[in-house]
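Here's the structure, in structure tokens; my notes come after.
No experiment lies behind these values; they were computed from the predicted model shown.
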Amino acid sequence: MSFNRISAAQAAQYVKDGFNVGLSGFTPAGTPKAVTHEIGLMAHELHEQGKPFQISLFTGASTGDSADGILSREHALKFRAPYTTNKDFRTAVNAGEIAYNDINLSQMAQELRYGFYGKLDLGIIEAFDVSDDGKIWVTAGVGIAPTVARLADKLIIELNAAHARCAKGLHDIFELQDPPYRREVPVYQPSDHCGKDYIQVDPKKIIGIVDVNIPDEARGFTAPDETTMQIGHNVAQFLISDLKRGIIPSTFLPLQSGVGNVANAVLGALGEDPSVPAFQMYTEVIQDSVINLMREGHCKFGSSSSLSVSNETLQGIYDDMDFFKDKLVLRPTEISNSPEIARRLGLIAMNTALEADIYGNVNSTHVCGTKMMNGVGGSCDFTRNAFISIFSCPSTAKGGKISAIVPMCTHVDHNEHSVKVLITEQGIADLRGKSPAQRAKCIIENCVHPDYKQLMWDYLKIAEKGQTSHALQKAFALHQALAEKGDMHLAEF
């Protein structure tokens, strides 16, 4: 059938106040850009006229400024799930202007299917090709696109010429069945494919095609500094030690890695060490560092939900698709982040902590327990099901005025039962097989910055003894000192 060609502004007119809207993509990769921008402009005009306009938005993960950014600034978001990294969105959430549900990424698609959020009125999907019979080939990020495409009453397709058609065959689209009919996901190694390379919909649902040529709003990362390089070295040394001890099989295990400078430094260190065999990745995001490792032969295969890479790197992949076609696969988030598959494959999960406490609990999301930073993302999906779960972070922040290791986390995303290893630039705390008291001593001795070690020992001295010793009246003394005096060093026990 012949689809209706419309402008992004015309497409935005289909979105009404109170709509539930779903987007394709995972990070800015694969996320619609033109229509969401026009929705923001439309919201501005309606609000100036005194008319209400807010929507609920569901995505695979974060988006770019043309979605979360403008929609937050124009007060167009009533509700949002499951994850974002946008500064304006973060400000609005912490001001109580947007109802934000921070959930594990693997759960977003199924919670939509379960009907927890009501019906999905409209889906906006970025694609590089659409067939007359309703086949949709999404671009560099999948996210929850298959579920959005199936559940939404109507679909708008952003046909983005910035993405090459040579990427056909790169995707593996598979949607889980709902209980009680769910079967196992037939992925037994990272390179296995279990679905099709396109999303199939009833073509009558597609109410418009918006032709665009807009690159992904890729986020840049700063070059590794001395601290992140040392963290990367420490992670690599820990894994090499386990490899030599026979805990990690000689063929190694698939890696999962979070996003950011520390994650890039860790992967770079693993690639540089000749004792680490070429490995595979089963993760949610492929970054530039992984593509470089593939070109160098250090990474054999990468399964992900998105290519969250620079536009230059993405174009390099498209230009060299013959090389990458059998080394990459892009999946829906509920498959890339599947707890079932993570447990089956025996992943080594490597994620970043905002803060950790002396017993191994990790806060990934909330600054001082109240202010949302980004969200938990997919770290729980992997951490709780990994063969080894590693969290890393610099031992201090803000020029040393903040210790990342504290007596008690102000918010817990990953509890002590899931965190197996904690690593800072100071050293490695292997928490496996240790009691709480043993974990505390190990973390203080190996991970805490020297400027804060005595404070931690002082805290333990006044802690009420028990299975997990705490002095509840002083547990947040470091945070209190930061709030009142601007420096955790000034805490008193």
Side-chain angles (χ1 to χ4, degrees), residues 90 93-96 100 102 351-376 379-380 383-384 389 391-427 429-493:
R90 182 185 306 130
V93 166
N94 288 324
Y100 176 41
D102 178 27
N351 291 284
T352 304
L354 186 63
E355 70 175 359
D357 68 27
I358 57 175
Y359 294 108
N361 299 292
V362 166
N363 172 13
S364 298
T365 56
H366 287 73
V367 177
C368 291
T370 59
K371 300 296 184 182
M372 172 61 69
M373 178 58 71
N374 295 320
V376 74
S379 54
C380 284
T383 295
R384 292 176 182 171
S389 57
F391 275 89
S392 59
C393 63
S395 63
T396 61
K398 300 297 182 183
K401 293 182 178 180
I402 295 176
S403 174
I405 313 297
V406 294
M408 180 181 285
C409 282
T410 53
H411 176 91
V412 175
D413 297 292
H414 312 274
N415 64 43
E416 60 183 308
H417 308 296
S418 300
V419 180
K420 304 303 181 187
V421 185
L422 187 63
I423 296 177
T424 70
E425 82 282 4
Q426 300 298 323
D430 185 350
L431 309 179
R432 295 171 295 182
K434 290 182 171 63
S435 70
Q438 292 169 329
R439 287 199 296 270
K441 293 176 182 178
C442 183
I443 290 171
I444 294 172
E445 188 60 39
N446 293 289
C447 294
V448 174
H449 192 279
D451 290 350
Y452 285 97
K453 274 189 179 182
Q454 190 57 52
L455 275 173
M456 298 302 169
W457 291 125
D458 290 345
Y459 175 79
L460 279 183
K461 288 178 184 177
I462 66 168
E464 181 179 344
K465 302 309 176 186
Q467 166 68 2
T468 303
S469 300
H470 271 301
L472 294 182
Q473 73 277 15
K474 292 289 187 177
F476 298 118
L478 271 71
H479 300 91
Q480 186 175 357
L482 179 66
E484 296 176 354
K485 305 173 185 178
D487 193 334
M488 285 188 175
H489 285 110
L490 303 177
E492 296 179 1
F493 294 125

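In this structure the side chain of H470 reaches within 4.5 angstrom of the side chain of Y459, judged on heavy atoms. Side-chain atoms of E445 and K453, non-hydrogen and from C-beta on, do get closer than 4.5 Å to each other. Counting heavy atoms from C-beta outward, E355 and H479 have side chains that approach closer than 4.5 Å.
In the displayed structure, K441 atom NZ is contacted under 6.0 Å by at most 12 heavy atoms of other residues, nucleotides or ligands.
At a cut-off of 3.5 Å, with distance as the only test, no side-chain donor of H417 or N415 sits close to an acceptor on the other residue.
Among residue pairs with one or both ends in residues 430-450, none qualify as ring pair (Phe, Tyr, Trp, His ring centres under 6.0 Å); sequence neighbours excluded.
Contacts of D430 classified as salt bridge (Lys or Arg N to Asp or Glu O under 4.0 Å), with partners at least two apart in sequence or in another chain: R432.
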Donor-acceptor pairs are to be reported for all side-chain atoms of residues 397-404 against protein atoms at under 3.5 Å, with residues two or more places apart or in another chain.
| residue | atom | partner | partner atom | Å |
| --- | --- | --- | --- | --- |
| S403 | OG | I405 | N | 3.3 |
| S403 | OG | I405 | O | 2.6 |

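Put simply, OG1 on T352 and CD1 on I423 are 11.0 Å apart, with the number rounded to the nearest 0.5 Å. To the nearest 0.5 angstrom, H414 atom NE2 is 3.5 Å from F391 atom CZ. Rounding to the nearest 0.5 angstrom, the gap separating the CZ atom in F493 from the CD atom in Q473 is 10.0 Å.
We find that K474 and E492 are not joined by a salt bridge, their nearest charged nitrogen and carboxylate oxygen being 4.0 Å or further apart.
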